[in-house]
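Inspection log for the structure reproduced underneath, given as structure tokens.
No experiment lies behind these values; they were computed from the predicted model shown. Residue numbers begin at 1 in each chain, while the letters A, B, ... track the order of the sequences.
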Protein chains: 2
Amino acid sequence: MASPAGRPRSPRARDVRWRGALAVLEEMRREPGVTRAAVARRLGLSTGSATEITARLRDLRLLAETPVAAAGRGRPTTALTPHPDGPLVIAVDLRQEDWRCAVAPLDGRPEVAAAGTHHSRDPARVAGTVGRAVRDLHRRHGDRVVGVSVAIAATVRHGRVVQSSVLGWDAVDLAALAPDPRLPLLIGNDATLAGLAEARRGVAAGAATVLHITVEVGVGGTLVVDGRPVDGAGGAGGEFGHLPFGDPGLRCPCGARGCWDLEVDGRAIARHLGDPPPADPRSYAERVLARAPADPAARAAVGAAARGLAGGIAGLVNALDPAVVTLGGLAESLRAAAEPEFGRTLAGGLMRFRRADPPAVVAAALGRDGPLHGAVVTALDHVLTEAGLAAWAAHRSPA
Amino acid sequence: MASPAGRPRSPRARDVRWRGALAVLEEMRREPGVTRAAVARRLGLSTGSATEITARLRDLRLLAETPVAAAGRGRPTTALTPHPDGPLVIAVDLRQEDWRCAVAPLDGRPEVAAAGTHHSRDPARVAGTVGRAVRDLHRRHGDRVVGVSVAIAATVRHGRVVQSSVLGWDAVDLAALAPDPRLPLLIGNDATLAGLAEARRGVAAGAATVLHITVEVGVGGTLVVDGRPVDGAGGAGGEFGHLPFGDPGLRCPCGARGCWDLEVDGRAIARHLGDPPPADPRSYAERVLARAPADPAARAAVGAAARGLAGGIAGLVNALDPAVVTLGGLAESLRAAAEPEFGRTLAGGLMRFRRADPPAVVAAALGRDGPLHGAVVTALDHVLTEAGLAAWAAHRSPA
DNA sequence: CGATTAAACTCGTGCCACGAGCATAAAGGA
DNA sequence: TCCTTTATGCTCGTGGCACGAGTTTAATCG
């Protein structure tokens, strides 16, 4: 198989080695269980190329082919699936009070393998617990593991946690989560990753420009263009909650004034109801939402928050022109609870020429699994590159 | 040179035909006048590949090599320049009262070839005048012309002008500007294109995430990520002026309320001075800026507008995390005239963790040539693709 | 004017994808 | 049951791009 006469090529920047193979793997990922024939058709590959590429990928333990129930006449084709001994990524979702670890093969479907709760505000202890779970999975799967990706309810910049009001953390180094320093460790904001997941695998799959907005404590989200989050120079984009859409008289814990955050979440609802600022704005908001159908004051407060949400979204639509807006967390609950106000305010905030053709505003499909799916997406984005495949091929040469 | 035995390859999606050639042409474009040796080093090409690629491109009239003054010992290399009979793009900048047409070769340096003024509010007449100039250039350069790109002071969506308050136009079809229906005609917003030009060739060249903000009548601009403007599903992104950063009591001509537009331009200055709304907010603002150094009331009004500008920029930095912010048009004038207020408000509007490492805020370098340069950039982005080169090679086979 | 140096040119080779022709595995019909 | 139809997979010769070692070329330096 290796070069019989000359020496093997050294890898080069302009190299073409993995082009076809990558395209095939991306198709498998985009639509788990596609058949080989369908992939070849879609990519415009000749049957000869398809044969060669799949054979190569099988030898490298990157995919397997499973027979598929015959669909009409003709020679039956096979379904492309991740190789049973192929690469895996570990995804972690670290939330306010709990965490989950999952493992996913190249088709990007995570399987939760460990979970737990944490009530500690001590970052080191939490990182220790989660790190043990990750190391455990790494031991179990050996060098099949090619990356670790963490979704966390925190502001992340240059791969480091900068702060988290939800977790009550300041800057924290999560390098301890990597079971092996040679493994890439990716850290991402949970709302950004949830938006990424919606754009790639959720309701907005296929749309080129997707705006994801979620409300938990404050507003988060991301713009996803062509499947990649627009997260800025340091990856700390998507902090939409700190756009000054709100009352300039209100000071935000972030240090600025008039932040949108303060107009939308449980803190806004408490203000409208004349309640003191809630310790946990998220659960406070849920309680008010629950009693809103029967309680006019609660309903009015929810309506005000929904208007605050819709007005900001309208502005972002004006500025960013997304094809779809996806709503996660309390954002969807607020809209559902106060649909009339939400719809009116959204339409009224759009520039006139946009009103004829506004973007669809839809509920996120992945729910609380969004961040976990997003973590898998980013991890696989690293694996499914020329460099990633070359590294895999290097330490696992063909049988 | 063509296949001696087999038949020529048909083009395919996974084809590799233009990979190296495109990389070389992009280098020539990025740094006009680079030497062939430098390009080969940068791209990691062997000298053999460099020889072959340049020969191929020379045969296709895509580049020429000119001897270069010897720089030290060794065999002298050559500079890569656009071929004297190579492809050209036509760029148009259509502004409030005047227009310019330029021609640019593959190095992306436009040369203005025609210009004029228009005081008509009749879109058809303006399009007629400019269209004649374009057709004239097309006749002069024949089939060397491979694209036409227009920068216009208007909202553009899906390649069509939707409205322009500056020009006083409603929806207008500019298809008449194309001298030949087979030529690609690209229409873009002037502020978006100016931002693109700054990010690719101006002060922000090299930065991965650039936020460009310009003020003329209202606020425009764009976010540019990895050299591509983030302009949304229909290309109508960048309308930052219609983010609701302002007084919700003010109604904007766009149909929404509280638009940032109204806090920043000549209309805002007039409000602060108690003047009636100016007919031409741009020249009104310039007059007030001119007398601000000597006139405390004018200075205060300018300061208020500068604060409105800086507060909004701070919010956008929070949300988008750019590495650089470039200021064009009156935005730079406002900052320069009211530096203290601008700086204070900008810093105060940033989230606390960003204050330690804020983005550089710099004046745009290309000035009024920005939109023209941006139009050239988009046109060449279309030419310098596999499809673009294949089309060029098809109708001009090698000598 | 030869030594040195940087770069260009030549040429044999590997690798990927193509595509025509052949082989194969199912369904459908006689 | 057997032949036909249909869709697919496999084999193999070919083209095209880039590599890289060896050679040539055009400059400067001593």
Side-chain angles (χ1 to χ4, degrees), chain A residues 1-24 34-59 65 67-80 386 389-390 393 398, chain B residues 1-24 34-59 65 67-80 386 389-390 393 398:
Chain A
M1 199 51 59
S3 33
R7 45 197 83 44
R9 294 172 72 182
S10 61
R12 280 270 174 266
R14 316 272 97 245
D15 208 331
V16 94
R17 205 180 217 116
W18 298 104
R19 275 195 47 141
L22 271 172
V24 168
V34 252
T35 65
R36 164 170 160 179
V39 168
R41 257 196 311 275
R42 246 179 251 164
L43 298 176
L45 288 172
S46 65
T47 65
S49 306
T51 298
E52 194 204 313
I53 291 174
T54 48
R56 219 160 64 228
L57 291 174
R58 208 172 27 235
D59 286 349
E65 291 182 88
V68 88
R73 283 199 196 186
R75 180 171 177 170
T77 181
T78 57
L80 302 185
E386 300 194 358
L389 292 192
Chain B
M1 196 51 63
S3 33
R7 47 198 80 46
R9 292 172 74 182
S10 60
R12 279 271 174 264
R14 316 271 97 244
D15 210 331
V16 96
R17 202 178 220 119
W18 297 103
R19 271 188 58 132
L22 271 173
V24 168
V34 253
T35 65
R36 163 170 160 176
V39 168
R41 259 195 309 275
R42 246 180 249 163
L43 297 177
L45 288 172
S46 65
T47 65
S49 306
T51 298
E52 194 204 312
I53 290 173
T54 49
R56 217 161 65 229
L57 291 174
R58 207 171 29 236
D59 286 348
E65 291 183 87
V68 88
R73 283 199 196 186
R75 180 170 179 170
T77 181
T78 57
L80 303 184
E386 300 193 358
L389 292 192

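For the pair B/Arg75 and A/Gly48, both in contact range of DNA chain D, the more 5′-proximal nearest nucleotide belongs to A/Gly48. Mapping A/Ala21 and B/Ala50 onto DNA chain C by nearest heavy atom places B/Ala50 at the nucleotide closer to the 5' end. Place B/Ala40 and A/Gly72 on DNA chain C by their nearest nucleotides, and B/Ala40 ends up nearer the 5' end.
D/dG9 atom C1' lies 11 Å from atom CZ of A/Arg58, rounded to whole Å. One interatomic measurement links the two molecules: CZ of B/Arg56 to C1' of C/dC9, which rounds to 16 Å at whole-angstrom precision. Going from atom CH2 of A/Trp18 over to atom C1' of C/dA17 covers 16 Å, rounded to whole Å. Whole-Å rounding puts the A/Ile53 CD1 to D/dG9 C1' distance at 14 Å. Here C/dA17 presents its C1' atom at 14 Å from CD of B/Glu386, a figure rounded to the nearest Å. The nearest whole Å value for the distance from the CD atom in A/Glu52 to the P atom in D/dT8 is 20 Å. Distance A/Arg19 CZ to C/dC18 C1': 15 Å, rounded to the nearest Å.
Dashed line: the shortest gap from a side-chain N or O of B/Arg36 to OP1 or OP2 of C/dA7 is not under 4.0 Å. Taking side-chain N and O atoms only, B/Ser46 has no distance below 4.0 Å to OP1 or OP2 of D/dA18. A close approach under 4.0 Å does not occur between any side-chain nitrogen or oxygen of B/Thr47 and OP1 or OP2 of D/dG20. In terms of phosphate contacts, B/Arg73 brings no side-chain nitrogen or oxygen within less than 4.0 Å of OP1 or OP2 of D/dG30. Between B/Arg17 and C/dA17 there is no side-chain N or O to OP1 or OP2 distance below 4.0 Å.
Backbone-only engagement by A/Thr77 is indicated by non-hydrogen atom pairs under 4.0 Å involving sugar-phosphate atoms exclusively.
Considering only the side chain of B/Arg41, C/dA7 comes nearest among C/dT10, C/dC18, C/dA7. Residue B/Thr51 places its side chain closer to C/dT10 than to any other of C/dT10, C/dA7, D/dA27.
What you find for A/Leu45 and A/Ser49 is that their closest heavy atoms are CD2-CB, 4.1 Å. Considering all non-hydrogen atoms of both residues, A/Val34 and A/Val39 come closest at CG2-CG2, 3.8 Å. Across all their heavy atoms, B/Arg17 and B/Arg56 have their closest contact at O-NH2, 3.6 Å.
The base of C/dC16 lies outside donor-acceptor range of the side chain of A/Ser49, with no N or O pair under 3.5 Å.
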Audit row: B/Val24, B/Arg36, side-chain contact (heavy atoms from CB on, under 4.5 Å) steps and yes/no: CA-CA 9 Å; B/Val24 168; B/Arg36 163 170 160 176; over 6 Å; no

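Taken from CD in A/Glu65 to CG in A/Leu57, the straight-line distance is 9.5 Å, to the nearest 0.5 Å.
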